[in-house]
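So you know, we letter chains A, B, ... as the sequences are listed, proteins then strands, and number each from 1. These numbers were taken from a predicted model, which means no experiment stands behind them.
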Amino acid sequence: MFSPLDLSFNHDNTMKWTHTLIPTLKEDPNDAEVDSHKLMVRSGMIRRLSAGVYSYLPLGIKVLNKVNAIIREEMNAAGSVEILLPALQSLSIFELSGRISVFGNDLLCMTDRHGKEIALSPTHEEVITDLIKNELGSYKNMPLILYQIQTKFRDEARPRFGVLRSREFLMKDAYSFDVDADGLNTSYQTMYDTYCRILSRCQLDYIVVEADTGAMGGDVSHEFMVPNLNGEDVIAKCTKCDYAANLEKAVAADIEPEDEAITEERKEVSTPNICTIHEVSSFLGIEPRRMVKTLFYSYQKSHIAVLVRGDHEVNEAKLAKQLSQDTIELADEKTVTTLTNAPVGFAGPIGLNIHIIADRAVVNMKNCVVGGNKADTHLMNVNFERDFTVDQIADIRFAVEGDKCPKCNHLLSISRGIEIGHVFKLGTRYSKTLGAKYLNKTGKELPIVMGSYGIGINRIIAATIERSHDKDGIVWPMPLAPYEVLVVPVNIKDRSFMAVATKIYDDLCEEGVEVLLDDRDQRPGFKFKDADLIGIPIRITVGKSYKERGELEIKVRSSNEISFSSPVNIVPEVKTRIQSLQ
RNA sequence: CGGGGCGUAGCGCAGCUUGGUUUAGCGCGCCUGCCUUGGGAGCAGGAGGUCGGAGGUUCGAAUCCUCUCGCCCCGACCA
């Protein structure tokens with residue numbers, strides 16, 4: 001045994017299990033739902049402090065640092081420059097950008113001893129803009145891309161899935177500064193390409209989708225998604241071409257007008273207590289797609305009627321954009337009753353005296369069913385233009401399975417994904433509100449044109465595990481693995497085993513290989529289970545084959561491929577394998 | 001924020017319905033010894049608990065009631 005002070009055996013890139021803290025668990029933690037969360041806890045990478053707040057243990061920080069290193073290399077290679085901004089911000093800076101209301105309760109605020117309101121930063125657009133407005137006075141200083149790796153704080157309404165949605169998380173955020181839109185386009189493309197390289201080096205499968213800009217503002221935005229059933233984002237992707245978008249943003253190709261004669265007269269039917277689309281549909285024996293859903297939204301004290309097909313859902317983000325509003329909300333029951341002269345459930349477009357906005361699909365429907373604006377009444381054989389008109393036609397719904405691609409008209413598929421990265425063309429949103437201006441060649445004062453680029457580092461790790469694990473544990477891709485090699489002497493009391501194991505450990509260390517030695521006094525089965533759980537890519541076993549033939553066993557975690565090597569050849573052998581797994 | 005569920009040893013759980021023979025239990029882990037060494041062994045002994053917290057009902061509360069804190073799930077919300 002070695003005393004805790006005897007660290008002579010530990011080098012920068014090596015570690016003995018008994019000298020570190022890798023508290024593995026045989027059973028799943030009871031508060032974990034998704035595989036990545038369970039495995040991160042079981043493998044001893046993280047422990048929960050409180051909801052959405054996690055400590056990283058040695059194995060966890062090792063992986064975190066691997067991701068950080070890849071990000072730094074690629075960001076630096078792309079010509080961006082690292083900085084570090086404070087996590088503590090004054091609230092007044094958010095007042096200037098007008099984002100206090102945008103973040104709402106997600107913003108973690110507190111009052112300092114002077115009574116000043118301060119916040120833990122959820123993101124850094126304001127801080128960076130405030131910083132550079134004093135430093136980038138001239139076009140000569142641009143283009144410039146600055147980045148940092150920083151902890152962000154968001155008081156999430158509902159943290160979940162372990163590190164996938166937490167209240168405190170690590171983010172690499174970058175900001176570009178250009179003199180004009182062309183410059184921004186170049187910077188944006190550079191970051192876009194850099195993100196592709198970063199994720200490829202992490203060996204993550206990802207797709208890039210068009211995204212809504214949400215709370216960030218700006219116009220163009222892309223998200224980097226890792227396809228996964230547990231993802232919180234929904235993606236619409238063309239089955240043929242490269243079109244892919246977040247469902248918030250996704251557009252479906254216009255639906256063909258129904259080819260049906262308008263002959264029947266409109267007819268009133270009694271639908272006692274039959275309110276929902278589903279109820280009316282089964283009561284009348286008519287598919288939901290033949291019905292029009294009439295909803296009411298409120299904003300700025302005014303109300304509006306919204307029409308979508310019965311089997312479609314209103315996309316409030318699109319609707320708000322159409323109405324040039326930041327927020328809109330579904331009208332309350334009282335409003336609906338007043339506007340329709342009927343209980344909720346019988347609203348229709350005919351005879352309404354307010355602004356009506358219809359989804360594009362609605363105006364192509366023929367002989368449909370609508371509410372009668374009268375209790376217990378619906379109308380059949382209703383037709384756009386003949387029976388009602390609208391004030392505005394727009395795309396205001398979510399795309400659904402069965403919709404066609406807006407680019408090539410082939411089928412769209414709907415799936416889920418984990419948002420790993422998000423890039424935005426901010427334009428002058430922040431430079432204007434915070435006053436970040438520069439002088440151009442002719443001495444004219446102009447707002448700096450900005451972009452913002454974020455990557456969730458914890459999410460890269462969790463998403464990697466989601467994509468790469470089996471029933472026994474994590475299967476680390478070589479670039480992110482906490483150690484490249486695990487050396488397992490099956491019995492530490494066997495002197496010859498330990499002698500060889502420590503020799504290999506030292507030799508690999510000399511060669512710069514990252515290696516962990518399982519020097520615990522445990523039975524082989526126990527160690528193998530842990531080895532599979534923590535998922536080190538290459539396992540070298542000193543055991544049976546060594547005793548019998550003087551050979552070491554090399555096992556590759558990802559392929560389960562087993563090979564043997566003599567002690568003298570082990571180092572080059574292992575290095576070759578590491579190479580091939582990079 | 002709405003709905004549901006759960007807090008009992010480091011971890012995973014039983015006990016609660018019907019209050020008292022339970023000195024609060026089981027599995028894993030932990031400590032000591034023996035034994036064992038290629039897929040989470042075995043035997044023996046042992047440590048570890050304000051039953052989340054506060055108040056109440058009662059002769060008596062892990063168990064019943066009230067409040068409170070924490071955690072998880074569904075929804076709403078969300079770079």
Geometric class of the Y188(A)/Y192(A) ring pair [parallel <30°, tilted 30-60°, perpendicular >60°]: tilted
Plane angle bin for Y54(A) and H37(A) - parallel if under 30°, tilted between 30 and 60°, otherwise perpendicular: perpendicular
For atom CZ of R158(A) and atom P of G2(B), their distance in whole Å: 15 Å
Length of the line joining D521(A):CG and C34(B):P, which is rounded to integer Å: 12 Å
Distance, C1' atom - from A47(B) to C6(B), rounded to whole angstrom: 29 Å
P spacing across the pair U8(B) / G4(B), given as an integer number of angstrom: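 22 Å, rounded to whole Å.
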N/O donor-acceptor pair, side chain K555(A) with base G39(B), under 3.5 angstrom: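 Side chain to base: pair found, below 3.5 Å.
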Any donor-acceptor N/O pair under 3.5 Å between G40(B) base and Q522(A) side chain: no
Closest nucleotide among G38(B), G39(B), A76(B) to the D532(A) side chain: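 Side chain of D532(A) sits closest to G39(B).
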Contact class for [X] vs. all strands (heavy atom < 4.0 Å): base, sugar-phosphate, or nothing?
{"X": "R42(A)", "answer": "base"}
{"X": "A51(A)", "answer": "sugar-phosphate"}
{"X": "K547(A)", "answer": "nothing"}
{"X": "E232(A)", "answer": "nothing"}
{"X": "D31(A)", "answer": "sugar-phosphate"}
{"X": "S545(A)", "answer": "base"}
{"X": "R539(A)", "answer": "base"}
{"X": "K152(A)", "answer": "nothing"}
{"X": "F169(A)", "answer": "base"}
{"X": "D28(A)", "answer": "sugar-phosphate"}
{"X": "R165(A)", "answer": "base"}

Residues in salt bridge (charged side-chain N to carboxylate O under 4.0 Å, His left out) contact with R165(A), at least two apart in sequence or another chain: E156(A), E232(A)
Set of residues satisfying salt bridge (charged side-chain N to carboxylate O under 4.0 Å, His left out) with respect to E117(A), sequence neighbours excluded: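 E117(A) satisfies salt bridge (charged side-chain N to carboxylate O under 4.0 Å, His left out) with no residue once adjacent residues are dropped.
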Cation-pi check, R467(A) onto Y206(A) ring (under 6.0 Å, within 45° of axis): no
